[in-house]
Participant: 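Below you will find the structure I want to go over with you.
In what follows, chains carry the letters A, B, and so on, assigned in the order in which the sequence lines appear, proteins first and then strands, with residues in each chain numbered from 1.
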2 protein chains.
Amino acid sequence: MSLQKYQALITSIECGSITKAAEVLGYTQSGVSRMIQELEKEWNLSLIERSKSGVFLTSDGFKLFDQMKRICNEQLILSQYIDDLNDCQSGLLRIGVFSSVATHWLPNIMKRYKNDFPNIQIELLLGDYTEIEEWILEGRVDFGFLRLPANQKFETLSIEPNDRLMVILPQNHPLVDCEKFPMQKLEEYPFILLEKGVNAEISRLFEQNKIHPQINFKTWDDYAIMSMVENGLGISILPELILSRIPYQIVAKELDTPYYRNIGIAMRSQRNLPKAAKQFLEYLPYRKE
Amino acid sequence: MSLQKYQALITSIECGSITKAAEVLGYTQSGVSRMIQELEKEWNLSLIERSKSGVFLTSDGFKLFDQMKRICNEQLILSQYIDDLNDCQSGLLRIGVFSSVATHWLPNIMKRYKNDFPNIQIELLLGDYTEIEEWILEGRVDFGFLRLPANQKFETLSIEPNDRLMVILPQNHPLVDCEKFPMQKLEEYPFILLEKGVNAEISRLFEQNKIHPQINFKTWDDYAIMSMVENGLGISILPELILSRIPYQIVAKELDTPYYRNIGIAMRSQRNLPKAAKQFLEYLPYRKE
DNA sequence: AACATGATAAACATTCGTTATTATTATACT
DNA sequence: AGTATAATAATAACGAATGTTTATCATGTT
């Protein structure tokens, strides 16, 4: 049972000769002759009539010919798919992202990638860290963005530059002109906390520095926070990534002790990544972990 | 490249486990594992993700999965066709026939055959001896009816009983009551000669017996001859086969030296005949040549 | 007679599929 | 929590099966 045998028979019929088919297919005459015999033996049917001036189908062969051709044709299509995948002429790319990456960071990269590989279909699955982790484990996505360090099971790449946490002030805030925002001063003003799923890096920053700000609001909505800060309801801390092209009258200040949200890419195995995904990684400013 | 490998991968995905797939397919776990690896190596792609709780498709694998399934499915259909051909649940039967066989002899046999094998498609190609010979040589028909002896290239079977040549008389003919018609008497009455293509057996009968009848008409039309004889325009000789259920007021007499038209079946090779055709031969009253 | 066709036998090469084993991880049970 | 057990897949080595070739034969066509 083998497609090469089908092809041998098909070509022999189309050439009207086993010898010619052998030339076309790059076998010897003997090889093609035997392939067809093997089919006939295996199926207990006589498929072709032989003569000294060539070969042609028997009635039984005729009945099966189209189906054999169909199978070979489907195989040809499969081979084409494979070739396309190998040179990224086709492919599916499933990426797990969280909001800020999807909104502020990826679009630019996707644009460049799409330009070079227009036939790759990209699916962004938007979720929080926990969901993205699950998706990677389950194979729902090829890779995902996570906060590093991530689950030991994953291979990870660190995105550069890391995402600085910035203090957000209204434009009329007393410290608006300071060089860097002193950590301790965070306790002195009403604070609006970004809290999104298990994304607790800001709370941890407080713990590590033993700071206890006056937390007036908690929300998961970046833009709500910026709006609230603009309106003088308090100050906040947001990852720099979120702050690109902000439509709000607010000021972002570095902390005196800089703090980073380390964003990375995680996957089960970089080696097993589809070609399209490997290619995509080339467009990211990452460094090996 | 092999369908079994596709099936190994498909079943592994459907079972979610290489081990289970191996059980289902009757391979060892090791075998299935290697088959999939061989596909991946051959295509330079990673098709599945392995884990300790089973396997699932990568994006690339996902892209190819349906096409692999399609191919396996087409193969299944082909196998079904083959099985059907082998037990005559399906098939094509192309028979070369000449008029009298098609009209007077085959229908009865075809009816019994069709009854037993209703799914075999029968094509009758009507022609004269020369055409039928060509069709057999070209493989246009599986076998054909010919006058024996036939071309040396053919394998032949003789139909029994042979087709007696009968003298046809009008009902008021002087010799209507004789036991057998004396050969010499043929010269004494106007004669209507059946001459159809190269079908010259009656002329040859005359030559062999050195008889020179008064040939008034020649025609290839059996029924015209019967009609002419009925109307007293002469006498004739026709093969007995044509005379079954004649709608004419005529009398058929055996010759005093009986003469036969030996009808037979000819084919390139009895061994290479499609199953359906071999089966059909069983319905014919033939004897080996 | 020369050429072209397909079949066959024997030798060689490759692939297939197994057994036995290793490695890893999930699960069950103290 | 730690340990034993079971389940998963990968790997190496090997023999069997299959695939393919070379060389040759047999037969018919030109």
Participant: I'd like to check the side chain to side chain donor-acceptor pair (under 3.5 Å) partners of A:S17; sequence neighbours left out, ordered by chain and number.
Facilitator: none

Participant: Report the residues that fulfil side-chain contact (heavy atoms from CB on, under 4.5 Å) with A:S51, sequence neighbours left out, ordered by chain and then residue number.
Facilitator: A:S53, B:R268

Participant: Using the side chain to side chain donor-acceptor pair (under 3.5 Å) criterion, which residues pair with B:T19? Sequence neighbours excluded.
Facilitator: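 If we apply the side chain to side chain donor-acceptor pair (under 3.5 Å) test to B:T19, skipping adjacent residues, there are no hits.
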
Participant: Which nucleotide wins on minimum distance to the side chain of A:E38, given the candidates D:dA10, D:dG19, D:dT8?
Facilitator: D:dG19

Participant: Of all the nucleotides listed (C:dA7, D:dT21, D:dT11), which has the minimum atom distance to the side chain of A:S33?
Facilitator: C:dA7

Participant: Using the test side chain to side chain donor-acceptor pair (under 3.5 Å), find all partners of A:S59 that sit at least two apart in sequence or belong to another chain.
Facilitator: B:R94, B:D142

Participant: Determine whether more than 12 heavy atoms belonging to other residues, nucleotides or ligands lie under 6.0 Å from atom CZ of B:R140.
Facilitator: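 Incorrect, the count does not exceed 12.
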
Participant: Listed by chain and number, what are the salt bridge (Lys or Arg N to Asp or Glu O under 4.0 Å) partners of B:E40, not counting sequence neighbours?
Facilitator: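 So B:E40 forms a salt bridge (Lys or Arg N to Asp or Glu O under 4.0 Å) with B:R50.
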
Participant: Quick check on C:dA7: is either OP1 or OP2 less than 4.0 Å from any side-chain nitrogen or oxygen of A:R50?
Facilitator: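 So the side chain of A:R50 is within the cut-off, an N or O lying under 4.0 Å from OP1 or OP2 of C:dA7.
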
Participant: Treat primed atoms plus P, OP1 and OP2 as sugar-phosphate and everything else as base, then score nucleotides 22-27 of chain C 5' to 3': B for base contact with protein heavy atoms under 4.0 Å, S for sugar-phosphate contact only, - for none.
Facilitator: -BBS--

Participant: Could you check how far NZ of B:K41 sits from P of C:dT15, rounded to whole Å?
Facilitator: 9 Å

Participant: Which whole-number value in Å describes the distance from A:N272 CG to D:dA9 C1'?
Facilitator: 13 Å

Participant: Does C:dG6 have OP1 or OP2 sitting under 4.0 Å from an N or O in the side chain of A:S17?
Facilitator: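 So the side chain of A:S17 is within the cut-off, an N or O lying under 4.0 Å from OP1 or OP2 of C:dG6.
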
Participant: What nucleotide, of C:dT18, D:dA10, C:dT8, holds the atom closest to the side chain of A:R34?
Facilitator: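 Closest nucleotide to the A:R34 side chain: C:dT8.
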
Participant: Name all residues meeting the ring-ring contact (aromatic ring centres under 6.0 Å, His included) criterion together with B:Y27; count only those two or more places apart in sequence or in a different chain, and write none if there are none.
Facilitator: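 Per chain and number, B:Y27 pairs via ring-ring contact (aromatic ring centres under 6.0 Å, His included) with no residue.
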
Participant: Check ring-ring contact (aromatic ring centres under 6.0 Å, His included) between A:F117 and all other residues, then give those that pass, not counting sequence neighbours.
Facilitator: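 Residues passing ring-ring contact (aromatic ring centres under 6.0 Å, His included) with A:F117: A:Y113.
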
Participant: Tell me whether the side-chain N/O atoms of B:K20 come closer than 4.0 Å to OP1 or OP2 in D:dA7.
Facilitator: no

Participant: Kindly state which residues belonging to residues 23-31 of chain A come within less than 4.0 angstrom of DNA chain C, counting heavy atoms of the residue only, listed by number.
Facilitator: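 The stretch gives A:Q29, A:S30 as the residues lying under 4.0 Å from the strand, ordered by number.
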
Participant: Find the distance B:L39:CG to C:dC16:C1' and express it as a whole number of Å.
Facilitator: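 Whole-Å distance recorded here is 13 Å.
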
Participant: List for me each residue that meets side chain to side chain donor-acceptor pair (under 3.5 Å) alongside B:Q80, sequence neighbours excluded, and say none if there are none.
Facilitator: B:D84

Participant: For the helix from C:dA1-D:dT30 to C:dT30-D:dA1, what angle separates the axis at the start from the axis at the finish, each from five pairs, in steps of 10°?
Facilitator: 30°

Participant: Taking 4.0 Å as the cut-off, does a side-chain nitrogen or oxygen of A:Q37 come that near to OP1 or OP2 on C:dG6?
Facilitator: no

Participant: Under 6.0 Å from the CZ atom of B:F62, do we count more than 12 heavy atoms belonging to anything else shown?
Facilitator: no

Participant: Can you pull out every side-chain hydrogen bond (donor to acceptor under 3.5 Å, both in side chains) where at least one residue sits in residues 273-282 of chain A? Sequence neighbours excluded, please.
Facilitator: A:N86-A:K275

Participant: Does B:K5 make a side-chain N or O approach to OP1 or OP2 of C:dT15 shorter than 4.0 Å?
Facilitator: no

Participant: Rounded to whole Å, please give me the gap between CD1 in A:I36 and C1' in C:dG6.
Facilitator: 10 Å

